[in-house]
Amino acid sequence: ISDDESRRLSAAGTDSLDAFAEYTIGQAEMAKRTWDSALPAELHFQKAIDLDPNYALAYAGLADALAAKAGNKHVSMESTLDARSAAVEKGLSLAPELGELHVSQAALHRHRDNDPAAAERSLLRAIELSPNYPRIYKEFARLLWDLDRLPEALTYVQKGLDIDPQNDMLIDYYAHTLLRMGRYEDALPKLLDSVSRRPDYLRNHLHIFKLLRNAGHTGEALKWIRYITRNDPTNFGRRLHYECWTLSIIGYEDEAQACERKVAEDFPEEWASWNDFGYDPGSERMPLANRIRKTIRSGESLNYNFAMDLLVDAAEWDVARELYDVWRPPEYSDPDWIPRDVDDVNEGQMLASVLHNTGGVERAQRIVDRVRRVMRDEGVTFEAGFNYRRIALDVALGNKRAAIVYLREGMVDGRILEDRFRLKAPLFDVMLDDPEWVKLIADLDDIAAEQRRWYEAHKDEPLLPLQNTI
């Protein structure tokens, strides 16, 4: 470290060996970056403060441990804000030039103040003071995600990895940033290194699961998600839902239904976040249009995007238009709204489908033209989420031939497999008179059976090395 950094750290340090020992143990716990490591870390940082109330670094550690505890869902984020604010304020009064405290302050600007500009100023100040502190770069990436500044986010994460190449949290953020940029596969070498070194840091295992699933290697993806759900309590209900969905994709219907029942019974809050309308766990996931209409008219809260997704798949155009007219998010209220970038593509495709089938043909066409331009300009390759909705859009617009061409393209590398059941929704009934469409859907069922056979043959083998090429 530089002489300036050495002086700042000395000013922020302690003469108490016991306090230093507690702080060091707390840092070691945080470095594990597991689901529950923030809990003992918080206790050790507090002990360090109790032993030396002027130990500025310990206040930074305490604020970060509290944020991590909330991030891993042990407590709500709101419940930590007062204690974090007090810790950061005290620490800065003792050592105003300690970069670690400016990082903790940046997180508060995001979580407490909803002030990204202030958060960015704090992080830039942290870099001036402590340029070799890796956590700065993770926090910067997280902030820049929210601001849609993805290339900058990637640059900052890479700077952090230049300092600490084996920092698994930074590798996690590196992969997630690349995912948002449509370059997920570029993260694979770093992810494989991380999971081979840290079998307990399962966030990076989850990235590999998603890569395998997106590449159509659903059998191998099932191996990975089952390893995760058996070893990682973080967001367990959501992880288990991934397992349920993967089982369903490749035709383990009975196991998928049992899995969904477990989510519904053991994680009711998680289940409720997906299921606003009470469909039976494990049953065919079709929308209940009358129930959605009742919810719309009652004024009760609902998940707009989830409800719209269900209604479009069911070709319930009148209810979907009522949902749009009554509940649309503020960003869609502008009558001239069109998608700005890739993040708006799915919403744009759903909205165009609804407008086209409820008298808004001209506006629907403007949205469709913009969607296709964005996907072309952004270089979006075939990805299941985007392209299932693209197929659905062509069907909704009556472009049967385009839907078949796009489905065939998605089957080249298997990425459309995860939407196999959705391609049998009522929206697609109009396609059943086309023999080529029927044959493609049957081929998808054959691919699912092949993935099932792969899983049965390899399920007891180690995760690494990967058996399929991504």
Side-chain angles (χ1 to χ4, degrees), residues 1-31 33 37-72 74-75 77-140 142-143 160 163-164 169:
I1 62 176
S2 69
D3 291 342
D4 284 346
E5 284 181 275
S6 180
R7 282 192 294 272
R8 280 193 289 271
L9 289 172
S10 296
T14 180
D15 293 328
S16 167
L17 290 177
D18 289 340
F20 177 74
E22 293 292 343
Y23 173 79
T24 302
I25 295 170
Q27 285 289 78
E29 290 291 342
M30 289 292 284
R33 304 182 184 94
S37 59
L39 303 179
E42 177 192 355
L43 298 178
H44 288 291
F45 290 134
Q46 186 60 60
K47 287 180 182 177
I49 291 168
D50 293 341
L51 290 163
D52 181 355
N54 294 319
Y55 193 0
L57 271 169
Y59 287 101
L62 178 61
D64 294 345
L66 289 166
K69 184 168 76 168
N72 284 333
H74 294 286
V75 294
M77 190 64 72
E78 291 74 16
S79 70
T80 69
L81 295 178
D82 288 345
R84 289 165 60 194
S85 299
V88 171
E89 183 178 348
K90 177 64 174 178
L92 286 172
S93 73
L94 296 166
E97 293 192 339
L98 183 63
E100 285 85 342
L101 283 163
H102 288 275
V103 177
S104 304
Q105 187 179 55
L108 276 172
H109 285 315
R110 280 202 307 111
H111 298 146
R112 180 194 62 198
D113 308 328
N114 192 27
D115 189 343
E120 185 166 5
R121 288 193 296 272
S122 291
L123 290 169
L124 289 171
R125 180 61 174 152
I127 290 174
E128 290 177 12
L129 297 169
S130 303
N132 293 319
Y133 181 40
R135 187 164 176 269
I136 299 172
Y137 303 99
K138 170 257 185 186
E139 289 293 336
F140 228 137
R142 183 66 186 82
L143 172 66
I163 297 165
D164 187 357
M169 179 177 62

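FYI, side chains are in, hydrogens and waters are out, and symmetry mates aren't considered; it's all heavy atoms of this structure. Numbers here simply count residues along the sequence, with the first being 1.
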Participant: CZ of R112 to CG of D82: how many Å apart, nearest 0.5 Å?
Facilitator: 9.0 Å

Participant: Closest approach of K69 and L39, non-hydrogen atoms and distance?
Facilitator: CD-CD2, 3.3 Å

Participant: Hey, does L129 have a side-chain heavy atom less than 4.5 Å from the side chain of L98?
Facilitator: no

Participant: Looking at E139 and R110, is any side-chain nitrogen of the basic one under 4.0 Å from a carboxylate oxygen of the acidic one?
Facilitator: yes

Participant: How long is the span from the NZ atom in K90 to the CG atom in N54, to the nearest 0.5 Å?
Facilitator: 5.5 Å

Participant: Under 3.5 Å, side chain of S79 to main-chain N/O of V75, donor-acceptor pair present?
Facilitator: no

Participant: So, taking the atom named CG in L17 and the one named OG1 in T24, what distance separates them when rounded to the nearest 0.5 Å?
Facilitator: 10.0 Å

Participant: T14 side chain to S16 main-chain N or O, any donor-acceptor pair under 3.5 Å?
Facilitator: yes

Participant: Where do A126 and G99 come nearest, in terms of heavy atoms and distance?
Facilitator: CB-O, 3.6 Å

Participant: Kindly determine whether V103 and S122 satisfy side-chain contact (heavy atoms from CB on, under 4.5 Å), including the steps that lead there.
Facilitator: CA-CA 7 Å; V103 177; S122 291; over 6 Å; no

Participant: So, S37 side chain and E29 main chain: donor-acceptor pair closer than 3.5 Å or not?
Facilitator: yes

Participant: Could you state the interatomic distance from OH (Y137) to CD1 (I127), rounded to the nearest 0.5 Å?
Facilitator: 4.5 Å

Participant: I'd like to know whether H109 forms a side-chain hydrogen bond (donor to acceptor under 3.5 Å, both in side chains) with R121, so could you lay out the CA-CA distance, the side-chain angles of the two residues, the decisive distance to 0.1 Å, and finally the verdict.
Facilitator: CA-CA 10 Å; H109 285 315; R121 288 193 296 272; over 6 Å; no

Participant: Going by heavy atoms in the side chains, are Y59 and E89 under 4.5 Å from each other?
Facilitator: no

Participant: Tell me the closest heavy-atom pair linking D52 and D15, and the distance in Å.
Facilitator: OD2-N, 4.3 Å

Participant: With heavy-atom distances below 4.5 Å as the criterion, would you say the side chains of L143 and P116 are in contact?
Facilitator: yes

Participant: Are E128 and R125 ion-paired here, with the side-chain N under 4.0 Å from a carboxylate O?
Facilitator: yes

Participant: Let me see the working for L43 and E22 under side-chain contact (heavy atoms from CB on, under 4.5 Å), right down to the final yes or no.
Facilitator: CA-CA 9 Å; L43 298 178; E22 293 292 343; over 6 Å; no

Participant: Set out, in order, the CA-CA distance, both residues' side-chain angles and the distance that settles side-chain contact (heavy atoms from CB on, under 4.5 Å) for E78 and H111, then state yes or no.
Facilitator: CA-CA 8 Å; E78 291 74 16; H111 298 146; over 6 Å; no

Participant: On a heavy-atom basis, which atom in H102 and which in P96 lie closest, and how many Å separate them?
Facilitator: NE2-O, 2.8 Å

Participant: Please round to the nearest 0.5 Å and tell me the distance separating atom CE of M30 and atom CZ of F45.
Facilitator: 6.0 Å

Participant: From T80 OG1 over to H74 NE2, what is the distance, rounded to the nearest 0.5 angstrom?
Facilitator: 12.5 Å

Participant: Hey, is CG on D50 packed in by over 12 heavy atoms from elsewhere, all under 6.0 Å?
Facilitator: yes

Participant: Quick one: do S104 and D64 satisfy side-chain hydrogen bond (donor to acceptor under 3.5 Å, both in side chains)? Show the steps, please.
Facilitator: CA-CA 6 Å; S104 304; D64 294 345; 2.7 Å; yes

Participant: If you take all heavy atoms of A56 and L94, which pair is closest and at what distance?
Facilitator: CB-CB, 4.1 Å

Participant: Are any non-hydrogen side-chain atoms of L57 and Y23 less than 4.5 angstrom apart?
Facilitator: yes

